[in-house]
Chemist: 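Just dropping this structure here.
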There are 2 protein chains.
Amino acid sequence: MDDKNISQAVVARLPRYYRYLGELRDSGIERISSQDLSSLMKVTASQIRQDFNNFGGFGQQGYGYNVEYLYNEIAKILGLDKTHNLIIVGAGNLGQALANYMNFERRGFLLKGLFDKNPALYGKELRGIAVQSVENIECFVRENDIDIAVLTIPKDGAVKTAEILVRCNIKAIWNFAHVDLNVPDNIVVENVHLSDSLMKLSYGIANQ
Amino acid sequence: MDDKNISQAVVARLPRYYRYLGELRDSGIERISSQDLSSLMKVTASQIRQDFNNFGGFGQQGYGYNVEYLYNEIAKILGLDKTHNLIIVGAGNLGQALANYMNFERRGFLLKGLFDKNPALYGKELRGIAVQSVENIECFVRENDIDIAVLTIPKDGAVKTAEILVRCNIKAIWNFAHVDLNVPDNIVVENVHLSDSLMKLSYGIANQ
DNA sequence: TATATTTTGTTATTTTTTTAGCATATATGT
DNA sequence: ACATATATGCTAAAAAAATAACAAAATATA
């Protein structure tokens, strides 16, 4: 895209801004200043202005930011104005939870396929999508314009599946497996390491 | 605990060190230098040494780090040498996934209770634990020495439940709800905002 | 319409985090 | 036992991130 050197820290804050702006919009608020957003979100007004300015000037002096406009601009920055086709690999508890939880569909993330290596699950339907064999991943991804693969399988399978997905020119992998995937730079990997998160929590308890 | 000013960035890296050290240990490696760990983990050796030195000197010049020893020390730092009792509030797909996935038990996180507001689920058992009414949370937490509450419910419920949990002197909340909980400073909150994660991924696609 | 107030965008400063450099201690090899 | 190679812990430097400061622009008010 146009902007080049946006730090990960900034990107990581965007979804939270997006969430707050959405709530403001839903409650009918039309405009907000960085100062007011600051006290609402418990971050500095300066950081808010800096963050937004990484992507251009969305506000107006003396007025502040138009909530609806800013909300939509952030959506565009996050790529939420486009739809993405995704598959879930691993139809166990977590995979099913994500498939069913597809609140994501509202945001343009469309579930197109479900895969598992356990034949007992083949044909089982979730949200109208039948589970099929992991053998089919390669063809399916190529033929159905899949952008995102969600990996909810154990680590060995995740590593192997990632290799297949790379061959299929997948754009991004949402990785719930407890392993670091080694893929080319042009493929986006977003890790959700739940046990890491729980350990951070544990650290917090141990160190008040 | 003893150490005071450990940055969040350092803490966030500890689980990953722990994971790699565990794998090294399991494959029979006895010692490792920061340099070798560096190329394995793709972080600088300097950062590795700095990180560990926040908690004391675990290595030896000319030798490196003893894998088993370091692994155990990090476990202590993360509080994994103690057990924690936890409850899951919200027995929907995600709650069930986490309950069943309790690989966490190996690390000392013991599931003690399951709660939901849907009466249809009452009595349903997961890993030998029966789902009960959210009405019972307060008593249960007080009487069963619960440290951690996992919130896998929608945001409105999460906010209300958090208030109850604060009254019960819960130590930590693992929050999967899409909302920022407002609790006193002495209560640890670890957020897992899956949609934030998915948006970061989306950003990655949009900006290659 | 003029004046005071608000509030951004941007530059400057401070703080935090990461990386580099090196003296010192240990291990290894001859 | 001595010399050489390793590799930490720590200090110093560099880079990145967060915060503060403020001029310029727009709004609100009288």
Side-chain angles (χ1 to χ4, degrees), chain A residues 2-17 20-21 24 29-74 77 200 203 207, chain B residues 2-17 20-21 24 29-74 77 180 196 200 203 207:
Chain A
D2 33 355
D3 304 288
K4 58 277 108 196
N5 274 345
I6 309 298
S7 82
Q8 270 310 109
V10 173
V11 175
R13 283 193 290 267
L14 291 178
R16 188 156 178 266
Y17 289 130
Y20 274 86
L21 287 164
L24 287 167
I29 311 285
E30 267 183 30
R31 57 185 265 196
I32 193 159
S33 68
S34 58
Q35 194 50 251
D36 290 349
L37 194 55
S38 162
S39 42
L40 193 64
M41 293 185 64
K42 314 268 179 64
V43 296
T44 66
S46 197
Q47 180 164 76
I48 290 171
R49 294 202 298 275
Q50 287 277 34
D51 282 350
F52 293 163
N53 266 91
N54 279 299
F55 306 98
F58 301 129
Q60 197 161 33
Q61 286 156 323
Y63 174 88
Y65 298 89
N66 179 284
V67 171
E68 178 89 31
Y69 174 68
L70 185 55
Y71 178 78
N72 290 327
E73 287 300 309
I74 294 180
I77 293 167
K200 277 201 283 174
Y203 176 90
N207 304 270
Chain B
D2 32 357
D3 303 288
K4 59 277 109 200
N5 274 346
I6 309 298
S7 83
Q8 269 309 109
V10 173
V11 175
R13 284 193 291 267
L14 291 178
R16 188 156 178 265
Y17 290 130
Y20 274 86
L21 288 164
L24 287 167
I29 310 285
E30 268 182 30
R31 56 184 268 195
I32 192 159
S33 67
S34 59
Q35 193 52 250
D36 289 350
L37 194 55
S38 162
S39 42
L40 194 63
M41 294 185 63
K42 313 269 179 63
V43 295
T44 66
S46 196
Q47 181 164 74
I48 290 172
R49 295 201 297 276
Q50 288 279 36
D51 283 348
F52 292 163
N53 266 91
N54 279 300
F55 305 99
F58 301 130
Q60 196 161 35
Q61 285 157 323
Y63 174 87
Y65 298 90
N66 179 284
V67 171
E68 177 89 32
Y69 173 68
L70 184 56
Y71 178 77
N72 290 326
E73 286 301 310
I74 293 179
I77 293 166
D180 295 321
D196 287 17
K200 277 200 284 175
Y203 176 89
N207 303 271

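Nothing here was measured: the structure is a model prediction, and the numbers come from that model. Every chain is numbered from 1 and lettered A, B, ... according to where its sequence line falls, protein lines coming before strand lines.
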Chemist: With respect to the phosphate group of C:dT18, does any side-chain polar atom (N or O) of B:Ser46 fall under 4.0 Å of OP1 or OP2?
Modeler: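 No, because none of the side-chain N or O atoms of B:Ser46 sits under 4.0 Å from OP1 or OP2 of C:dT18.
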Chemist: Among residues 33-43 of chain B, which residues get a heavy atom nearer than 4.0 Å to DNA chain D?
Modeler: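 Contacting residues: B:Ser33, B:Ser34.
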Chemist: Side chains of B:Arg31 and B:Tyr69, heavy atoms from C-beta outward: is any pair under 4.5 Å?
Modeler: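 Heavy-atom side-chain distance check fails, nothing below 4.5 Å.
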Chemist: In whole Å, what is the span from the CD atom of B:Gln50 to the P atom of C:dT16?
Modeler: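 Spelled out: CD on B:Gln50 to P on C:dT16 is 16 Å.
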Chemist: Taking CZ from A:Arg49 and P from C:dT11, how many angstroms apart are they, rounded to a whole number?
Modeler: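 The distance from CZ of A:Arg49 to P of C:dT11 comes to 14 Å, rounded to the nearest Å.
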Chemist: With side chains defined as the heavy atoms from C-beta onward, is the minimum distance between B:Val10 and B:Phe55 less than 4.5 Å?
Modeler: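 The answer is yes, as the side chains (C-beta and beyond) meet within the 4.5 Å cut-off.
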Chemist: Would you kindly give the CD1-to-C1' distance between A:Ile48 and D:dA18, to the nearest whole Å?
Modeler: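 The answer, rounded to whole Å, is 13 Å.
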Chemist: Using whole Å, what does the distance between atom P of nucleotide D:dA17 and atom CD of A:Gln8 come to?
Modeler: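 In whole Å, D:dA17 P lies 10 Å from A:Gln8 CD.
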Chemist: Between atom CG in A:Asn54 and atom C1' in C:dT10, what is the gap in whole Å?
Modeler: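 Atom-to-atom, A:Asn54 to C:dT10, this comes out as 12 Å.
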Chemist: Quick one: CZ on A:Arg13 to CZ on A:Phe52, what's the gap to the nearest 0.5 Å?
Modeler: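 Nearest 0.5 Å value for the CZ-CZ distance: 10.5 Å.
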Chemist: If you pin A:Arg31 and B:Asp51 to their nearest nucleotides in DNA chain C, which one's is more 5'?
Modeler: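 Closer to the 5' end of DNA chain C: A:Arg31.
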Chemist: Rounded to the nearest 0.5 Å, how far does CD of A:Gln35 lie from CG of A:Leu40?
Modeler: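 Between A:Leu40 CG and A:Gln35 CD, I get 11.5 Å after rounding to 0.5 Å.
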Chemist: Of all the heavy-atom pairs spanning A:Asn66 and A:Glu68, show the shortest one and how long it is.
Modeler: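 A:Asn66 and A:Glu68 have their closest heavy atoms at OD1-N, 3.2 Å.
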Chemist: Would you mind telling me which of D:dA18, C:dT18, C:dT10 lies closest to the side-chain atoms of A:Asn53?
Modeler: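 Per side-chain heavy atoms of A:Asn53, the pick is C:dT10.
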Chemist: Between P on D:dC10 and CD on B:Gln47, what's the gap in Å once rounded to a whole number?
Modeler: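 Atom-to-atom, B:Gln47 to D:dC10, this comes out as 17 Å.
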Chemist: I want to check something: taking the side chain as every heavy atom from C-beta on, are A:Leu37 and A:Leu24 in contact at a cut-off of under 4.5 Å?
Modeler: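 Yes. Closest side-chain heavy atoms under 4.5 Å.
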Chemist: Nearest to the side chain of A:Ser7, heavy atoms from C-beta on, is which of D:dA20, C:dG9, D:dA17?
Modeler: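 Taking heavy atoms from C-beta onward, the closest nucleotide is D:dA17.
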Chemist: In terms of side-chain heavy atoms of B:Ala9, which of D:dA21, C:dT7, C:dT18 is nearest?
Modeler: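 Closest nucleotide to the B:Ala9 side chain: C:dT18.
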Chemist: I'd like to check B:Leu21 versus B:Tyr65 (side-chain heavy atoms, cut-off strictly below 4.5 Å). Are they in contact?
Modeler: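 No, their side chains stay 4.5 Å or more apart.
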Chemist: Between A:Ile48 and A:Tyr17, is the side-chain contact (heavy atoms from CB on, under 4.5 Å) condition met? List the steps.
Modeler: CA-CA 9 Å; A:Ile48 290 171; A:Tyr17 289 130; 3.8 Å; yes
Chemist: Is the side chain of A:Arg16 donor-acceptor paired with the backbone N or O of A:Met41 at a distance under 3.5 Å, no angle test?
Modeler: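 Pair found, side chain donor or acceptor close to backbone of A:Met41.
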Chemist: In residues 57-66 of chain A, which residues come under 4.0 Å of DNA chain C by heavy atom?
Modeler: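 Under 4.0 Å from DNA chain C: A:Gly57, A:Phe58, A:Gly59, A:Gln60, A:Gln61, A:Gly62, A:Tyr63, A:Gly64, A:Tyr65.
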